[in-house]
Amino acid sequence: MIKLKAPQGACSASFNGEEYLVVDGFVDVPDNAAEPLASHGFHEATDDDLASEASEDPATMGRKELFAFLKGRGIAVGATVTTEDLRKYATDAAKPAEKAE
Amino acid sequence: MNAPTNMGGGNALSVQDTLNAFKSAYKSPIADPRIGDLLKSSTFVQSGSPTSGLTFYDLELGAKFLYPVLTPLRNMIPRVSGKGGVQASWRAVTAINSTGVRAGVSGGNRGGQIVVGTTDYTANYKGIGLEDSVDFEAQYAGQGFDDVRAIASKTLLEALMLQEEYTLLGGNSSLSLGTTPTPSATGAITGGSLAAATYSVICVALSLDAVINGTVAGGIQASITRTNTDGSSDTFGGGAAQKSAAASATVASGSTGSISASVAAVKGALGYAWFWGAAGSEVLGAITSINSVVITATAAGTQTAASLPSADNSKNTLVFDGLLYQALASGSNAYFQSMATGTAGTGTPLTSDSAGGIVEIDTMLKSMWDNYRLTPDTIWVNSQEGLNISKKIVAGSSSAAQRFVFNAEQGMLAGGIMVRSYLNRFSMTGAAEIPIKIHPNLPAGTILATTSKLPYPLSNVANVFQVRTRQDYYQIEWPLRSRKYEYGVYADQVLQHYFPPSMGVITNIANG
């Protein structure tokens, strides 16, 4: 298996009839899936990608990062939402992914 | 103005009074009822309809024929007569001294013996034909206007020539596309209008026949059973490969989702049909000329993937192989390139070499020269590639590598630039000019290069490719069996290509 970094907004990757869900921007697929999925914007996860993902803790994010985090998960929020609420939404959004793991 | 007009000494009226009296009289209806009734209606008036009343019907005699009959390959390919049999057969010497025996000899001794490669070739004759009919009443009704029976014969021959053109270009009786590979797919929450759900995507690779006759609204044709005029029936492949297994793609949330899907390119496929929807209910939504698609909305077609047979129907055994499928056949040694998948939904377009050329075309021409020492003399393209080649050659040249020939006559400068030929840099005689011709039936995304002359001495090949007929076009007016005249136009022939390596095919070219 190989870990691929998913493009922005991607939810799943299907290869050879099997679907692999994207979790926190990454997906683990068979090695030979890397090449065909490259056409869909996936690329092998680099150390930088993994480090970047590890830092995606809503508790430590700034307001701008929280907006990006929520947008990446398909959650639209208004500009007037407080930072605390943003952090709460982001924490909630991160929970299902953790459960899936 | 109001000067008196009393000339006789009686009641005098001024000029103005007279004019006013006239105006008043014209404005008022005639009081006399006898005259008034006469003026209310005319005896004859123009009919409101072109087909009623005493109205001449200005119909020009003779029907107009407003449809294209473009058959460039049929028009240019020589036709020769065969000599019976069920197939055209020939043998060829394909290589001399294929092991590269060196020519140096020692004193008094003989040289080494060379090996000559030979190959046997065959091409099966196939019948082609179409039928139509004119009933007696249609002929009676047409008298004085046109000869309906003559029109039936003329249009039937033209229809057969058009079908023959499709076959000469891309008839496929021997190359199975097989089972379409399972797509790779990705669901995303952005990029379209798909609601959150798990979608199933199925792909079907298409031969030329299926591409030409397939539409999203009308569906693609897999197995076709045709009832013939004599009541018999034929079953043959409509050009669709066996459908792929399904790929799942999930749009996790929202209602702005999209799916990108791609398959490994299939040799012989000139298009791909895409079905999507809930698993088991996938519907045709797109036909692409490249091996990928971006799905942004619910499929608009009505044909379901479930309705397609689980079998490969890419071949039509009733026709002979055309140029494309003789080139694409395994072992043909024709040049073949399938453009890379690239970004799903976008594909890979032709590439400018920034020096007035196209990388992929040069690669093809170089390969044909390096391997067979020949240069093609026609490059057939779709209008899409014709335009893109022109754009890339003109826009991609920073060093003004082109030569522009301007006609100095007044009014002869036209807007737009279209590349009409391509200079082959790989030729013994210097740069050889290859005409670029748009073929009406070549689908977008495919280029075909053909060669009509072999540069080999004493090749014994008069025509590199030719139509060999057991029986050239003939018309039959069948004996009457009802009150209608029945016609058939037929031919019995095969496309004979003596040297398939003299062809080149580039497929899966993206628009751009």
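To find a chain, count down the sequence lines: A is the first, B the second, and so on, and within it residues start at 1.
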Checklist entry - Ignoring hydrogens and geometry, is there a side-chain-to-backbone donor-acceptor pair from S14(A) to A247(B) under 3.5 Å? => result no
Checklist entry - What part of T198(B) lies closer than 4.5 angstrom to a heavy atom of chain A: side chain, backbone, both or neither? => result side chain
Checklist entry - Which answer fits I75(A), side chain, backbone, both or neither, if we ask what part of it has an atom under 4.5 Å from a heavy atom of chain B? => result neither
Next on the checklist: Run the side chain to side chain contact (heavy atoms under 4.5 Å, CB included) test against I189(B) and tell me which residues pass, sequence neighbours left out.
Outcome noted: C11(A), A252(B), S253(B)
Checklist entry - Among G254(B), G347(B), G191(B), S262(B), which has the most heavy-atom pairs under 4.5 Å with chain A? => result S262(B)
Item to check | Among the listed options G345(B), A249(B), A196(B), A340(B), the residue most often paired with chain A at heavy-atom distances under 4.5 Å | outcome: A249(B)
Checklist entry - Would one find more than 12 heavy atoms of other residues, nucleotides or ligands at under 6.0 Å from atom CG of D31(A)? => result yes
Item to check | Residue among S258(B), G257(B), A261(B) with most heavy-atom pairs under 4.5 Å to chain A | outcome: A261(B)
Checklist entry - With only heavy atoms counted, which part of P183(B) is less than 4.5 Å from chain A, the side chain, the backbone, both or neither? => result backbone
N/O donor to acceptor pairs below 3.5 angstrom from side-chain atoms of residues 263-280 of chain B, sequence neighbours left out:
residue : atom : partner : partner atom : Å
Y272(B) : OH   : V266(B) : N            : 2.9
W274(B) : NE1  : T288(B) : OG1          : 2.9
W276(B) : NE1  : A297(B) : O            : 2.9

Checklist outcome for this item: Q8(A) and T190(B) have their tightest heavy-atom pair at O-OG1, 4.5 Å
Next on the checklist: Checking Q221(B) now: which residues fulfil side chain to side chain contact (heavy atoms under 4.5 Å, CB included) with it, not counting sequence neighbours?
Outcome noted: N213(B), I224(B)
Checklist entry - Looking at S248(B), A344(B), S244(B), which makes the most heavy-atom pairs under 4.5 Å with chain A? => result S248(B)
Checklist entry - Residue by residue, which of residues 36-44 of chain A have a heavy atom closer than 4.5 Å to a heavy atom belonging to chain B? => result P36(A), L37(A), S39(A), H40(A), F42(A)
Next on the checklist: Tell me whether K3(A) at atom NZ has more than 12 heavy atoms from other residues, nucleotides or ligands lying less than 6.0 Å away.
Outcome noted: yes
Next on the checklist: How long is the straight-line distance from CD of E18(A) back to OG of S184(B), given to the nearest 0.5 Å?
Outcome noted: 12.5 Å
Next on the checklist: Please rank N16(A), V22(A), L21(A) by heavy-atom pairs under 4.5 Å with chain B and give me the top one.
Outcome noted: N16(A)
Checklist outcome for this item: Turns out that what part of A246(B) lies under 4.5 Å from chain A's heavy atoms comes down to backbone
Checklist entry - What residue, out of V251(B), T182(B), T250(B), T346(B), has the most heavy-atom pairs lying under 4.5 Å from chain A? => result T250(B)
